[in-house]
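Report on the structure given below.
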Amino acid sequence: MTALGPRPGPRTERLALPGVLSPEQVLRTVEGIAAVQRADGAIPWFRGHHLDPWDHIESAMALDAAGEHERAAAAYRWLARHQNPDGSWYAAYPDTPDGVAAADPTDRGRESNFCAYVAVGAWHHYLSTGDDAFLDRIWPTVFAAIEFVLGLQQSGGQIGWRHRADGTVDPDALLTGSSSVYQALRCALAIAEHREEPQPDWELSAGLLGHALRHHPERFLDKHRYSMDWYYPVLGGAVTGAAAKERIEEGWDRFVVPGLGVRCVSPNPWVTGGESCELALALWVMGESDRAVDILRWIQPTLRAEDGMYWTGYVFEDDAVWPEERTTWTAGSLLLAVAALGGDEATTAVFGGERLPRGLDSDCCA
């Protein structure tokens, strides 16, 4: 992989957002993610920490949005090499020095949303590059991952969240995780449609899942204190239009701290960069770009570090960053949010969802 250039280019200038990031600041953030990426393509949270498949993919998508396509492709090659025979990935892998063979996973559980997200990343990379050869290579990886995830789908449409390390399945479903899987299923269907390889079973599964997300909260574990459960059905594309607006307004005062960002857990005095940037993306999806820009602007003074990376969170009652870690996925979520707001076509396609298949309509079903 080639090193990043020392000066902003057209891609970083396009990601710049007045009042949020300058082209030079964008470049430092992209360089920060790239500096963490290993020679084998893996992107841990930060060097010396573990990586998980979902956050690895989010960081790869941010690199694509910044025009670092070879770095992103290397991240997807890492995923293809480390996929388990059943189509899954483990929940956590240790960081290793460059040139050292990958160590044993640190968490042998296999989480459904972690595994499904490769479809979102693969479709985003294809839309960013137009590389049909990449799509041909990654298709078996995506296919196997989706088949594994749908093996965890319950009769009510929800997706069981985890295949435990001991081989048993936890059938409980998480609203956030299932919302992410819904986005991934739609991206997987878009890939299948592009390849002219229809997957009617996936269409049915996506329809059932979308129906559960919209109409049956009782089928998911109660995590209402977590902001992700508030906005993710909107971000994942299951809840749209007036229902999305109503959902966001209902939780706004509970989770949003004006001038600072979004709480991770209510009522804790802790705002986090990932949740703030994801809410900004959800607001963009709803057509509320002004509020999205406000959120991104608020987090800059407290969460942006001098090296262009982002602290995970800020405890405002103590005026302290916590934990003291600057994660690739936090920086990645920020870059994806500004990419959507700036009209990056690949990013708007996978999050806006206008051209993504919705699956078979199951809203007539109980």
Side-chain angles (χ1 to χ4, degrees), residues 53-54 57-58 60-61 64 76 79-80 83 86-89 112-154 156-160 173 176-215 232-241 244 281 285 336 340 345-365:
W54 198 101
I57 293 165
E58 182 173 48
M61 291 170 65
D64 261 329
Y76 295 114
L79 282 171
Q83 189 174 35
D86 64 1
S88 69
W89 288 273
S112 52
N113 63 305
F114 282 15
C115 298
Y117 209 58
V118 66
V120 181
W123 189 232
H124 183 261
H125 184 72
Y126 171 73
L127 294 175
S128 297
T129 62
D131 187 348
D132 282 298
F134 164 81
L135 210 58
D136 289 340
R137 291 191 301 271
I138 202 69
W139 171 243
T141 302
V142 171
F143 184 91
I146 296 300
E147 289 289 294
F148 169 79
V149 169
L150 293 183
L152 298 174
Q153 188 166 34
Q154 307 300 300
Q158 71 274 29
I159 306 293
T176 294
S178 286
S179 297
S180 179
V181 171
Y182 181 71
Q183 181 191 17
L185 274 174
R186 296 178 67 198
C187 288
L189 285 168
I191 297 172
E193 184 177 280
H194 178 78
R195 293 176 55 82
E196 299 183 349
E197 296 187 31
Q199 302 295 325
D201 290 345
W202 295 3
E203 293 182 51
L204 178 59
S205 293
L208 290 170
L209 176 56
H211 177 82
L213 290 166
R214 286 187 289 274
H215 302 296
Y232 237 95
V234 177
L235 180 59
V239 177
T240 60
L281 261 174
V285 168
L336 289 172
E345 291 183 4
T347 307
T348 59
V350 298
F351 288 104
E354 293 89 351
R355 292 180 291 172
L356 292 178
R358 296 197 68 85
L360 295 180
D361 183 6
S362 62
D363 275 357
C364 61
C365 305

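FYI, the numbering just counts along the sequence from 1.
For His125, the ring pair (Phe, Tyr, Trp, His ring centres under 6.0 Å) test picks out Tyr76, Phe134, with sequence neighbours left out. Every residue meeting the side chain to side chain donor-acceptor pair (under 3.5 Å) condition with Gln153, not counting sequence neighbours, appears here in chain and number order: Ser205. Applying the ring pair (Phe, Tyr, Trp, His ring centres under 6.0 Å) rule to Trp54 yields the partners Tyr117; only residues at least two apart in sequence or on another chain are considered. Applying the side chain to side chain donor-acceptor pair (under 3.5 Å) rule to Asp86 yields the partners Ser88, Arg110; only residues at least two apart in sequence or on another chain are considered.
In this structure the side chain of Trp89 reaches within 4.5 angstrom of the side chain of Val118, judged on heavy atoms. Residues His124 and Ile57 are not in side-chain contact: their nearest non-hydrogen atoms beyond the backbone lie 4.5 Å or more apart. Two residues are said to be in side-chain contact when any heavy atoms from C-beta on lie closer than 4.5 Å; Val181 and Val149 meet this criterion. Counting heavy atoms from C-beta on, the side chains of Leu213 and Ser178 come closer than 4.5 Å.
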Residues 182-190 side chain polar contacts: donor-acceptor under 3.5 Å, at least two apart:
{"from": "Tyr182", "atom 1": "OH", "to": "Arg358", "atom 2": "NH2", "distance (Å)": "3.4"}
{"from": "Gln183", "atom 1": "NE2", "to": "Val350", "atom 2": "O", "distance (Å)": "2.9"}
{"from": "Arg186", "atom 1": "NE", "to": "Pro357", "atom 2": "O", "distance (Å)": "2.8"}
{"from": "Arg186", "atom 1": "NH2", "to": "Gly353", "atom 2": "O", "distance (Å)": "2.9"}
{"from": "Arg186", "atom 1": "NH2", "to": "Leu356", "atom 2": "O", "distance (Å)": "3.0"}

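Residues Asp64 and Thr129 share a closest heavy-atom pair of OD1-CG2, 4.3 Å. Minimum interatomic distance between Thr348 and Glu345 (heavy atoms only, all atoms of both residues): OG1-O, 3.0 Å.
Among residues at least two apart or in separate chains, side chain to side chain donor-acceptor pair (under 3.5 Å) pairs with a member in residues 134-151 are Asp136-Arg195, Trp139-Glu197, Glu147-Trp202.
Between His215 and His211, the angle of the ring planes lies from 30° to 60°, which puts this pair in the tilted group.
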